[in-house]
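The structure presented is a predicted model; accordingly, all values stated were derived computationally and were not measured. By convention in this document, chain letters (A, B, ...) are assigned in the order of the sequence lines, proteins followed by strands, and residues within each chain are numbered from 1.
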Protein chains: 2
Amino acid sequence: MIAALRARNPIKPGKLRLGIGDDCAILRPNAGDELAITTDFSLENVHFRRDWHSPEAIGHRCLARGLSDLAAVGAKPMAAFLSLALPKELTARHRGKPAWVERFFDGLLALAAKMNVPLAGGDTAESPAHKGKAGLVAADIVLVGGVKRGRALLRSGAKPGDLLYVTGPGLGGAGAELLALERNPSRFTALKVAAPGHPHLYPEPRIAAGLRLRKRGLATAAIDLSDGLSTDLHHLCGESGLAAEIDATVVPIHPMAQLAEAAGWARSALQLALHGGEDYELLFTARPQTKIPRELDGVAIHAIGRMSKMRNGKPAVTLLEEGKAVSELRARGWEHFRGSSSD
Amino acid sequence: MIAALRARNPIKPGKLRLGIGDDCAILRPNAGDELAITTDFSLENVHFRRDWHSPEAIGHRCLARGLSDLAAVGAKPMAAFLSLALPKELTARHRGKPAWVERFFDGLLALAAKMNVPLAGGDTAESPAHKGKAGLVAADIVLVGGVKRGRALLRSGAKPGDLLYVTGPGLGGAGAELLALERNPSRFTALKVAAPGHPHLYPEPRIAAGLRLRKRGLATAAIDLSDGLSTDLHHLCGESGLAAEIDATVVPIHPMAQLAEAAGWARSALQLALHGGEDYELLFTARPQTKIPRELDGVAIHAIGRMSKMRNGKPAVTLLEEGKAVSELRARGWEHFRGSSSD
């Protein structure tokens with residue numbers, strides 16, 4: 001498998017001097033660059049289900065989780081590493097059809113090619129059977145990116161008065177598509193190629209938008225929306241030592257979330273937008289005088305609120321409607337399938 | 001758990017600008033340095049067993065696997081990242097006793113402190129129960145090291161005529177201690193602190209020796225012995241495009257391997273030394289005219305053979321006795337517990 005991957009993923013001249021096949025991969029950063037590094041688990045029955053998700057979508061999502069963390073700090077991807085544990089049956093071809101693991105790599109490497117990031121190494125192991133039951137898939141993705149020294153976008157950089165923005169066509173889409181998947185997984189198994197407009201199955205990490213925000217000095221702080229707006233905004237507030245207000249009437253809502261509400265799968269599209277996780281959009285802050293374009297690299301940008309000082313007795317995040325406080329917004333991002341916490 | 005780790009593992013000024021708590025960790029490499037990066041799984045029932053290994057030894061071994069890969073390329077450790085999936089029960093204290101996961105981090109962080117490498121981030125998840133059975137522990141360690149540009153020790157650098165060396169007090173010790181552990185695991189559960197002389201439970205990655213070899217320009221190629229001498233030497237031969245000869249009479253044999261032979265647990269101590277895995281010593285090559293000291297930083301160095309050109313019909317690795325070829329040495333490193341392949 002390692003030899004096959006090596007052949008499929010040749011080293012191109014560039015930042016990666018040495019890839020799969022030695023004790024370590026060797027990366028050559030640009031002079032003056034810092035390295036941004038993130039690791040993310042994708043575990044069967046925690047982050048995906050093999051009876052719901054195609055192997056291609058699982059591979060795509062695995063890499064997308066890590067890329068989204070790089071996007072959040074404004075880093076340019078240099079290399080990815082994958083540790084992959086599989087039950088043996090998933091490495092076998094049946095009647096000439098590609099093995100599960102080949103299709104997993106089809107999905108992962110298609111996104112890697114699109115984002116121009118080489119798979120530089122990792123580890124493989126057989127996932128052990130346990131008390132007579134077949135083992136589960138466990139994938140850990142590591143992403144390394146470069147960012148100019150001292151210029152990474154951090155969660156901790158927001159200032160009182162900064163405005164809050166989100167990228168993308170609207171929030172809650174991933175949560176809505178998951179609700180549809182739960183109800184009728186067989187409708188989705190044919191989706192073997194990353195198609196736009198599938199926020200749960202094929203999320204689009206906002207690498208280009210993150211790079212623009214950082215290089216043009218537009219943002220003061222940023223985080224990616226993996227746990228859901230309410231939870232991730234609390235993280236940003238916590239690290240910046242600030243409170244925030246969100247205007248519910250301007251939070252962009254993904255068309256799929258509207259559809260989930262219409263179908264009766266969710267009580268309200270707004271709730272999906274506020275608490276549905278895994279949208280992998282960027283949430284960022286900018287000084288009020290900074291002119292933020294309506295879109296960055298074709299990705300829409302929406303103002304949704306502002307940062308303020310923390311005060312005793314005041315909630316960390318308040319939900320407004322037309323300028324009036326209506327409720328406290330508690331962190332209650334969805335935890336899909338089962339509990340999992342993540343950077 | 002993340003907050004507790006952050007408190008236990010404060011960021012010191014240095015290469016690590018930003019650790020646990022943001023989307024990515026940020027590392028600042030030295031000017032002109034390249035980055036060496038490696039990832040290694042430690043999976044329950046593949047790489048360890050919870051009824052055989054103390055949590056401290058599992059944590060130590062998890063980090064040691066990654067450090068040993070950095071040692072093999074002559075890199076200086078900068079930061080470690082850990083993705084850890086656990087069944088929920090292992091995070092709970094019982095009757096005031098530390099939780100399993102606390103003891104795991106005791107072992108991991110003790111080695112990290114000794115090697116001066118901060119734990120800079122990672123991911124945590126609950127290991128899912130599967131068909132009514134409790135989940136298994138899965139840990140993926142990522143190590144990042146710095147190495148002067150173009151100077152990393154690679155598997156591919158050996159030349160015909162180079163001599164072959166191994167570090168350490170002898171090979172086969174880890175395999176021998178594992179044989180003892182198999183027979184009587186309860187004898188070993190009290191070993192909660194890394195003690196010298198426990199090559200399986202508390203291996204000592206050869207970071208200092210690897211750095212010396214690289215900085216003093218002594219070695220032409222190197223690999224760490226994780227799969228066993230026979231297998232890892234085949235890897236080195238393959239990447240260098242060469243054959244090798246090993247003199248069986250000078251391969252250093254660990255005292256524990258002698259003991260395992262005396263106890264009747266292994267057919268021969270030499271077989272343990274040739275094929276037993278996880279010794280985590282360094283195997284390296286040097287030009288014949290290079291003077292190699294008898295020890296580096298207190299670690300013994302032994303010459304065990306030489307590299308030669310590949311010839312049709314000649315085995316890649318030949319075993320000699322007193323200068324005469326006696327047999328082909330096939331790659332058959334031990335795969336403990338179950339199959340696992342690894343960089």
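- Atoms OG1 and CZ, on A:T124 and B:F41 in that order, are 9.5 Å from each other to the nearest 0.5 Å.
- Neither the backbone nor the side chain of B:A71 comes within less than 4.5 Å of any heavy atom in chain A.
- Neither the backbone nor the side chain of B:A75 comes within contact range of chain A, judged by heavy atoms closer than 4.5 Å.
- Summarising the geometry of B:V46 relative to A:E126, their closest heavy-atom pair is CG2-O, 3.4 Å, with the distance given to 0.1 Å.
- Contact of B:A36 with chain A is made through backbone and side chain together, with heavy-atom distances under 4.5 Å.
- The contact between B:I223 and chain A is made by backbone and side chain atoms together, counting heavy-atom distances below 4.5 Å.
- Smallest separation of non-hydrogen atoms from B:D23 and A:R155: OD1-NH2, 3.1 Å.
- Taken to the nearest 0.5 Å, the CD1 atom of A:I141 stands 12.0 Å off from the CG atom of B:D123.
- Formation of a donor-acceptor pair under 3.5 Å by the B:D69 side chain with backbone atoms of A:C24 is not found in this model.
- Looking at every heavy atom in both residues, A:D140 comes nearest to B:S83 through OD1-OG, 2.8 Å.
- Across all their heavy atoms, A:H47 and B:A125 have their closest contact at CE1-CB, 4.3 Å.
- Contact annotation for B:L70: both backbone and side-chain heavy atoms come within less than 4.5 Å of a heavy atom of chain A.
- Contacts of B:I37 with chain A are made by both backbone and side-chain atoms, with heavy-atom separations under 4.5 Å.
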